[in-house]
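Presented below is the structure to which this report refers.
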Amino acid sequence: MESDGGLAALGVEGASAAAHALSLPAEAYGNDPRLEAMWAIKASNHAEVYFNLISSVDPKFLKLTKMDDQIYKVFREGFKDYE
C-alpha cells in the first residue's frame with residue numbers, strides 16, 4: 001500500500017477487507033511476536049533518524065517547541081546555581 005494512494009491504493013476488495021478488520025474487537029487479534037519485532041525495529045530506526053537530526057544542530061539554536069524559552073526560564077529560576 002502506497003502512502004499517497006490511501007485507501008484507493010487498496011482497491012475495492014482491499015478497502016472492504018480493511019474496514020472489516022478494523023470493525024473486529026481487539027480480542028479477535030493476538031500478539032504476533034514477528035509483528036511486535038517489526039514495530040520495534042521501525043520505532044528504533046525512527047528514533048535514530050530524529051536523534052541524528054537534533055544532534056546535528058548546535059543546542060543553543062535548537063528549538064523543539066514553541067515553549068522552549070519559557071521552559072528554560074523556569075528551569076533557570078529553579079536551578080540558579082546550575083552552570
Side-chain angles (χ1 to χ4, degrees):
M1 172 174 66
E2 292 186 13
S3 61
D4 22 28
L7 283 177
L10 294 174
V12 174
E13 290 178 10
S16 177
H20 174 69
L22 292 173
S23 69
L24 295 173
E27 294 79 26
Y29 298 97
N31 287 341
D32 183 347
R34 295 170 297 174
L35 183 61
E36 299 288 337
M38 286 189 293
W39 274 109
I41 291 168
K42 185 175 179 115
S44 173
N45 290 341
H46 192 75
E48 184 177 2
V49 167
Y50 276 90
F51 177 78
N52 288 339
L53 284 171
I54 65 172
S55 297
S56 66
V57 176
D58 187 341
K60 65 181 160 189
F61 300 115
L62 184 63
K63 298 289 184 193
L64 299 176
T65 71
K66 294 177 183 178
M67 301 289 296
D68 284 358
D69 293 331
Q70 179 65 26
I71 293 168
Y72 184 69
K73 179 182 171 200
V74 171
F75 170 79
R76 294 304 295 177
E77 289 170 359
F79 297 92
K80 295 179 193 296
D81 297 332
Y82 183 76
E83 293 189 34

Within 6.0 angstrom of Glu13 CD, more than 12 heavy atoms from elsewhere: no
Look at atom CZ of Arg76 and say whether more than 12 heavy atoms of other residues, nucleotides or ligands are closer to it than 6.0 Å. yes
Could you state the interatomic distance from CD (Gln70) to OG1 (Thr65), rounded to the nearest 0.5 Å? 10.5 Å
So do the side chains of Ile54 and Leu64 get within less than 4.5 Å of each other, counting heavy atoms only? yes
Is there any side-chain hydrogen bond (donor to acceptor under 3.5 Å, both in side chains) pair reaching into residues 47-64, and which pairs are they, with sequence neighbours excluded? Lys63-Asp69
